[in-house]
A.B. asks: 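Structure below; questions to follow.
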Amino acid sequence: MSQREVWNSKIGFILAAAGSAVGLGNIWKFPYITGVHGGGAFVLVYLIAIVFVGLPIMIAEIYIGKTTLKNPVGAFKECSKGSNYFKKLAKLSPAAGFLGVLSGVLILSFYSVVAGWTLHFLFLSFKGFSGTKENIEAHFNHLYSTPSLMILWHTVLMVIVIAIILRGVQKGIEKASKILMPLLILILLALMSYSVFNGGAEKAFKFMFYPDFSKLDEEAIIQALGHAFFTLSLGMGVMITYGSYLKDKISIIKSSVIISIMDTLIALLAGMVIFPIVFSSGLEASSGPSLIFKTLPTLFAKITGGSVISVMFFLLLFFAALTSAISLLEVVVVYFVDERKWSRKKGTIVVGISIYLLGILSAIPKITVGKESVLDFLDDITTKYMLPLGGLLTILIFAYFIPIKAIKDELKLPKYLFYSFVWICRVITPVALIWVVLNKVGVL
Ligand code: PFF
């Protein structure tokens, strides 16, 4: 049997995992849902969700990957063996892995289409945005109503992702992350200094950090919890898979905290890039998903240096999307490599092409499921149901089926911190997730 690949360095692992976490969720979705839910109070709930729900699951996933050295399905199979309680129930654990692999297939299929939009807008940015508000907004309307164009960019994106995954863990994922992540951070910092020095920063800061609880409803809390999953790439085995390439010496707690902080800071920075531009032009922040593809290009056309800023912005979005897309494909491929004994080449090509073909449905808005486009439908079922359910199963398996002594030996936390952590994993995180899942299914 061929040896399992490993990361070449600690920083390589951190950048790859942060690369997966930092994506369209941070730069596109976080600012607009913050806008829709009124700012500060939503950000606060989101931060609490990251600490009490996101972080424990991140630790659980990396632990499971690192100790089993397997893909999500194989890893959960392994975990269930050590269980002292509910032995029959524990046997069902691999189902959580299958759910993760299926989520990977579905998410990548539509994620790649949206990532393709960023490429289209990058291309338009080189030409520069000009004309009236209607003219500029027409770019997105044109793209969205032209499936062939969306399919073209989706093809480009999937070809790049497949090419990277074909090269393997060190030469593909790690190398791409080591190049793209530092560039992403540099671009983001440059954009933020521009934004902050061009007016609107104070209002943006207040909007994001001053909590107005009257705007906080149940929907906002569920959205914040759901987003904590999506943004950290949890609930579908990415961190299990990336954790399975770890060499022995690395602190799971430290790495999980660093990855979560990087992801959160980048989302907040993205807000500090976008909101000042929006506010300095006298607009409202609540324009929803079209904030990035309609509102911002209109503003880029007006501000000084707008064309450079817009090239940088869409490049940032593209880099962020690419490193996340890579991780989605890796999870599915490595399942076939480990469990079905396929070669990486066969796995990447067969899985990559299948997901590509499925993605075409998301690029044709006329095809609908009920009243929704396929893209919206897949986004909904994965983010609202499948990831929270996957996360719930992961934390339950981790907290109840794995012998506590093994976790204690690996995490090496001071006693009081360790027992607080166990309590959070056994009670707080599952209760929050059960509440989200029941709410979504309509039971509550
Ligand atoms: N974390 C990514 C983002 O914020 O855009 C999206 C994502 C990637 C979700 C990988 C889930 C995943 F497994």
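For this chain, numbers begin at 1 and follow the sequence in order. When a ligand or atom number is given, it counts from 1 through the structure's own listing order.
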A.B. asks: I'd like to check which ligand 1 atoms, numbered from 1 as shown, lie under 4.0 Å from a non-hydrogen atom of Leu328.
C.D. replies: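 Counting atoms of ligand 1 from 1, those under 4.0 Å from Leu328 are 10 (C), 12 (C), 13 (F).
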
A.B. asks: N/O to N/O below 3.5 Å, does that happen between Leu234 and ligand 1?
C.D. replies: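 Checking ligand 1 against Leu234, no N or O pair falls under 3.5 Å apart.
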
A.B. asks: For Val238, take its heavy atoms, then give the atoms of ligand 1 lying under 4.0 Å from any of them.
C.D. replies: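 In order of numbering, the contacting atoms are 12 (C), 13 (F).
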
A.B. asks: In terms of relative ring orientation, are Phe42 and Tyr46 parallel, tilted or perpendicular, with 30° and 60° separating the classes?
C.D. replies: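 Ring orientation, 0 to 90° scale: parallel.
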
A.B. asks: Tell me whether the rings of Tyr144 and Phe140 are parallel (<30°), tilted (30 to 60°) or perpendicular (>60°).
C.D. replies: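 Taking Phe140 first and then Tyr144, their aromatic rings lie parallel (interplane angle under 30°).
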
A.B. asks: Determine whether a donor-acceptor pair (N or O, by modelled atom type, separation under 3.5 Å) exists between the side chain of Ser290 and the backbone of Phe293.
C.D. replies: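 No, Ser290 side chain to Phe293 backbone: no donor-acceptor pair under 3.5 Å.
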
A.B. asks: Quick one: look up the protein heavy atom nearest atom 10 (C) of ligand 1 and list residue, atom name and how far away it is.
C.D. replies: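 Answer for atom 10 (C) of ligand 1: Ser233 OG, 3.3 Å.
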
A.B. asks: Does any N or O of ligand 1 fall below 3.5 Å from an N or O anywhere on Ala21, backbone included?
C.D. replies: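 In this structure, Ala21 places an N or O atom under 3.5 Å from an N or O of ligand 1.
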
A.B. asks: Please indicate whether Phe209 has more than 12 foreign heavy atoms, meaning atoms of other residues, nucleotides or ligands, lying under 6.0 Å from its CZ.
C.D. replies: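 Yes - once you tally the heavy atoms of other residues, nucleotides and ligands closer than 6.0 Å, there are more than 12.
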
A.B. asks: Purely on distance, is any nitrogen or oxygen of Ser327 under 3.5 Å from one on ligand 1?
C.D. replies: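 No, there is no polar N/O contact under 3.5 Å.
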
A.B. asks: For Ser9 and Glu174, which I'm curious about, is there any donor-acceptor pair between the side chains at under 3.5 Å?
C.D. replies: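 A donor-acceptor contact under 3.5 Å links the two side chains.
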
A.B. asks: Quick one: which of Ile355, Leu378, Val351 gives a side chain to side chain contact (heavy atoms under 4.5 Å, CB included) with Val105?
C.D. replies: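 Among Ile355, Leu378, Val351, the one that satisfies the side chain to side chain contact (heavy atoms under 4.5 Å, CB included) with Val105 is Ile355.
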
A.B. asks: Taking NZ, NE, NH1 and NH2 as the nitrogens, is one of them in Asp338 or Arg4 under 4.0 Å from a carboxylate oxygen of the other?
C.D. replies: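 Looking at Arg4 together with Asp338, the answer is yes, because their closest N to O distance falls below 4.0 Å.
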
A.B. asks: Around atom 13 (F) of ligand 1, find the nearest protein heavy atom and jot down its residue, atom name and distance.
C.D. replies: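 The closest one turns out to be Met236 SD, 2.8 Å.
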
A.B. asks: Give the atoms of ligand 1, by number and element, whose distance to some non-hydrogen atom of Ser20 is under 4.0 Å.
C.D. replies: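 Checking each atom against Ser20, I get 1 (N), 2 (C), 8 (C), 10 (C).
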
A.B. asks: How about Lys175: does its NZ atom have over 12 heavy atoms from other parts shown lying under 6.0 Å from it?
C.D. replies: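 Not buried by this count: 12 neighbours or fewer within 6.0 Å.
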
A.B. asks: Would you mind listing which atoms of ligand 1 come within a distance below 4.0 Å of any non-hydrogen atom of Leu24?
C.D. replies: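 So the atoms of ligand 1 that pass are 5 (O).
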
A.B. asks: Looking at atom 1 (N) of ligand 1, what's its closest protein heavy atom, distance included?
C.D. replies: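 I find the closest protein heavy atom is Phe230 O, 2.8 Å.
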
A.B. asks: Using heavy atoms and a 4.0 Å limit, tell me yes or no: is Trp28 in contact with ligand 1?
C.D. replies: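 No.
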
